[in-house]
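What follows is a set of notes on a single structure, which appears directly below.
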Amino acid sequence: MVQQIGIFHRQNGSMPRTGRFAMQLLKRAYGRLRASASAKVEAPEIAPHISADLSTFAPRPLIAVLVTGGLGDYIVVARFMRDLAAAVEDFRFDLYCPNPEIGRWAFAPLTGLNKVYHELLFHRLFSQYPLALRANQIVWIHDSVARWDLLAANDRLIKACAHLMKARAEFEICIDRHPYMDHHLANRVVFMGHRRENFLHSLARIPYRGALYPLPMEPDALSRHGLPARFVTINNGFDTGFIITGRSATKCYLHGDELVRLFKLRFPDIAVVQLGSKNSIPIVGADHDLIEKTTLREAAAILRQALLHIDNEGGLVHIAASVGTASAVLFGPTPIDYFGYPENINIAPAGCGNCWWINKTWMDTCPLGHQQPPCLYGRSPESVVDRITLWLEDVPSSDKSGADAVQIQSEPANRAGCKRSVDNSGAPRPAGTTDTPRSLTSLTARP
């Protein structure tokens, strides 16, 4: 911890910011220490239930899956588990993750989901399972404790695992140094012709079935929050798991007020709805401020009905892609070719950009020392609204009308037929032109 504080101070040179960083770091360490103590007590109580589940599901294997990272990582891994289940023999899995509440929501559509536990229990319990996976930017197997004899009847699952173990040898340094080698990993992934959304699939050599994914939604979310039939959503928040000592994170676009003002001049009949968490900054001019006022189920339903979502790269963009809504995404530190969905309006950095995990404080301060990161601060609101205008003018006026809201509980249909994709240069592409087919922490287990 002392080393982290020292590194932060050398990179920022500000005693007040270093002090804030140290306090947040200590608070987080204390919380994790308490959670670890709880895990130590609860693990022996949970172990017999795992043994019972292993017997109950036989001959179907029950495997353990650890997911780390933020909201977007949960969704990307959930799609991977969806497609793994479709490609191999039937299996069940227990999910371990930093936030079991988010885990239950993101993985709820998967019939193989058994129970959800806190990530700190994984290290004490994973050896009980015949197979244990870890997933974030890479999926890899704890092969030292794998019971291949208990998986003998699962030829396709064993084959997928063999591909994962072979791939691990190529990315060992990225696994050992995660997340500090994620920048290098992203460059390799793009060079190999993949993106964040389908890279895990390539490691296991299973087909990617697309970004559409039936996340749980609240049917009456729009009426509950008094939203009109036609609206766009906007967000300027970031992953709450990061320690930020300034006003906002480097990946956030700070010209939201002017962007919304210009948008309303061009589209006075389209409402602007701001979504977000506690670190979001209220945007002047937004018609509806829903910061910290929605559940994930409500946010997904609202995004499902939005004409477009406007955001920096982050979790809500992954939700929007899952429910069939395109996003206008402003990229800065995070790599556009790695994280960008082909169906979105992916807006490249105005300046340098692509400094994701180039150092440990990239999310808090510009690695080049600029007071405001030029990658996003230099992107004019006018240029963003121009890109959005080009896209919205091609959306039929009847698209996503209020009558469609009653259908949000079902798997979202592919809406590429009524929208145009826009590539990184801003040139419109024919609808459906994609590289792939699109078709609160608790230690308690899921009942």
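- Summarising the geometry, atom CG belonging to Leu330 is positioned 8.5 Å from atom CD1 belonging to Ile310; distances are rounded to the nearest 0.5 Å.
- Taking the side chain as every heavy atom from C-beta outward, Trp357 and Arg177 never approach each other to under 4.5 Å.
- Rounding to the nearest 0.5 angstrom, the gap separating the CD1 atom in Ile63 from the CG atom in Leu54 is 11.5 Å.
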CA sep, side-chain torsions, deciding dist, call: Ile283, Val272, side-chain contact (heavy atoms from CB on, under 4.5 Å): CA-CA 10 Å; Ile283 295 174; Val272 177; over 6 Å; no
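- A search for side chain to side chain donor-acceptor pair (under 3.5 Å) contacts involving Gln372 returns nothing, not counting sequence neighbours.
- Thr325 and His309 are not linked by any side-chain donor-acceptor pair at a separation below 3.5 angstrom, with hydrogens and angles left out of the test.
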Val65 vs Met81, side-chain contact (heavy atoms from CB on, under 4.5 Å): CA-CA, chis, key distance, verdict: CA-CA 9 Å; Val65 179; Met81 293 302 297; 3.8 Å; yes
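- Taking Asp149 as the reference, Arg147 meet the side chain to side chain donor-acceptor pair (under 3.5 Å) condition, with sequence neighbours excluded.
- Heavy atoms only, all atoms of each residue included: Ala106 and Tyr213 are closest at O-OH, 2.6 Å.
- In terms of heavy-atom proximity, Arg379 sits nearest to Ala350 at N-CB, 3.6 Å.
- For Ser51, the side chain to side chain donor-acceptor pair (under 3.5 Å) partners two or more places apart in sequence, or in a different chain, are Gln128.
- With sequence neighbours excluded, the residues that form a side-chain contact (heavy atoms from CB on, under 4.5 Å) with His183 are Asn187, Asn354.
- Scanning for salt bridge (Lys or Arg N to Asp or Glu O under 4.0 Å) contacts around Glu172 gives Arg168, with sequence neighbours left out.
- When side chains are defined from C-beta on, Trp148 counts as touching Cys161, because their heavy atoms get closer than 4.5 Å.
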Candidate pair Leu66 and Leu133, rule side-chain contact (heavy atoms from CB on, under 4.5 Å), full reasoning: CA-CA 6 Å; Leu66 171 64; Leu133 308 178; over 6 Å; no
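- In this structure, the side chain of Lys251 engages the main chain of Glu313 through a donor-acceptor pair within 3.5 Å.
- Between Ile102 and Leu296, some side-chain heavy-atom pair lies under the 4.5 Å cut-off.
- In this structure a side-chain-to-backbone donor-acceptor pair under 3.5 Å is present from Thr295 to Glu298.
- Remark: the backbone N or O of Val145 is not paired with any side-chain donor or acceptor of Ser127 at under 3.5 angstrom.
- Under the 4.5 Å side-chain criterion, counting only non-hydrogen atoms from C-beta, Leu185 is in contact with Phe171.
- A heavy-atom distance below 4.5 Å is not found between the side chains of Leu121 and Phe126.
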Would you tabulate the side-chain donor-acceptor contacts of residues 88-96 under 3.5 Å, counting partners in other chains and residues two or more places apart, or write 'none'?
unit_1: Glu89; atom_1: OE1; unit_2: Arg156; atom_2: N; d: 3.3
unit_1: Glu89; atom_1: OE1; unit_2: Leu157; atom_2: N; d: 3.1
unit_1: Glu89; atom_1: OE2; unit_2: Asp155; atom_2: N; d: 3.0
unit_1: Glu89; atom_1: OE2; unit_2: Arg156; atom_2: N; d: 2.8
unit_1: Asp90; atom_1: OD2; unit_2: Arg60; atom_2: NH1; d: 3.2
unit_1: Arg92; atom_1: NH1; unit_2: Thr111; atom_2: O; d: 2.7
unit_1: Asp94; atom_1: OD1; unit_2: Asn114; atom_2: ND2; d: 2.7
unit_1: Asp94; atom_1: OD1; unit_2: Lys115; atom_2: N; d: 3.2
unit_1: Asp94; atom_1: OD2; unit_2: Tyr129; atom_2: OH; d: 2.7
unit_1: Tyr96; atom_1: OH; unit_2: Tyr129; atom_2: OH; d: 2.7

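- For the pair Arg188 and Glu170, the minimum side-chain heavy-atom distance is below 4.5 Å.
- Between Tyr253 and Leu259 there is a side-chain heavy-atom pair separated by less than 4.5 Å.
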CA sep, side-chain torsions, deciding dist, call: Val273, Leu290, side-chain contact (heavy atoms from CB on, under 4.5 Å): CA-CA 7 Å; Val273 178; Leu290 299 186; 3.7 Å; yes
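- Legend: salt bridge (charged side-chain N to carboxylate O under 4.0 Å, His left out) pairs involving residues 347-358, not counting sequence neighbours: none detected.
- No donor-acceptor distance shorter than 3.5 angstrom exists from the side chain of Asn344 to the backbone of Asn346, with no hydrogens or angles considered.
- Between the side chain of His118 and the main chain of Leu120, a donor-acceptor pair closer than 3.5 Å is present.
- A search for salt bridge (Lys or Arg N to Asp or Glu O under 4.0 Å) contacts involving Asp73 returns Arg196, not counting sequence neighbours.
- Checking side-chain atoms of Trp105 against main-chain N and O of Pro216 turns up a donor-acceptor pair under 3.5 Å.
- In this structure, CZ in Arg304 is found 14.0 Å from CD1 in Ile319, a value given to the nearest 0.5 Å.
- In this view, His318 and Tyr341 satisfy the ring-ring contact (aromatic ring centres under 6.0 Å, His included) rule, not counting sequence neighbours.
- Applying the salt bridge (Lys or Arg N to Asp or Glu O under 4.0 Å) criterion to Asp83, with sequence neighbours excluded, gives Arg209.
- Evaluation of the ring-ring contact (aromatic ring centres under 6.0 Å, His included) test over residues 36-90, restricted to residues two or more places apart or in two chains, returns Phe80-His201.
- The distance from atom CG of Asp386 to atom OG of Ser380, rounded to the nearest 0.5 Å, is 7.5 Å.
- Residues passing the side chain to side chain donor-acceptor pair (under 3.5 Å) test with His255, sequence neighbours excluded: none.
- Of all heavy-atom pairs spanning Gly340 and Arg195, the tightest one is O-CD, 3.3 Å.
- Scanning both residues, Asn236 and Ser248, for their nearest heavy atoms gives O-OG, 4.3 Å.
- Using cut-offs of 30° and 60° on the angle between ring planes, the pair Trp356 and Trp362 is perpendicular.
- With contacts defined as side-chain heavy-atom distances shorter than 4.5 Å, the pair Thr68/Cys97 does not qualify.
- Remark: the backbone N or O of Ile234 is not paired with any side-chain donor or acceptor of Asp311 at under 3.5 angstrom.
- Rounded to the nearest 0.5 angstrom, Ser280 OG and Leu275 CG are separated by 8.5 Å.
- The structure places CD1 of Ile173 at 6.5 Å from NE2 of His184, a figure rounded to the nearest 0.5 Å.
- Residue Arg79 comes nearest to Ala211 through the heavy atom pair NE-O, 2.9 Å, listed as atom of the first residue, atom of the second, then distance.
- Contact between Ile158 and Leu151 at its shortest, heavy atoms only, is CD1-O, 3.1 Å.
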Worked verdict on Tyr338 versus Glu197 for side chain to side chain donor-acceptor pair (under 3.5 Å): CA-CA 8 Å; Tyr338 179 62; Glu197 63 170 322; over 6 Å; no
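- When atom types are taken as modelled, the side chain of Asp289 and the backbone of Ile291 share a donor-acceptor pair closer than 3.5 angstrom.
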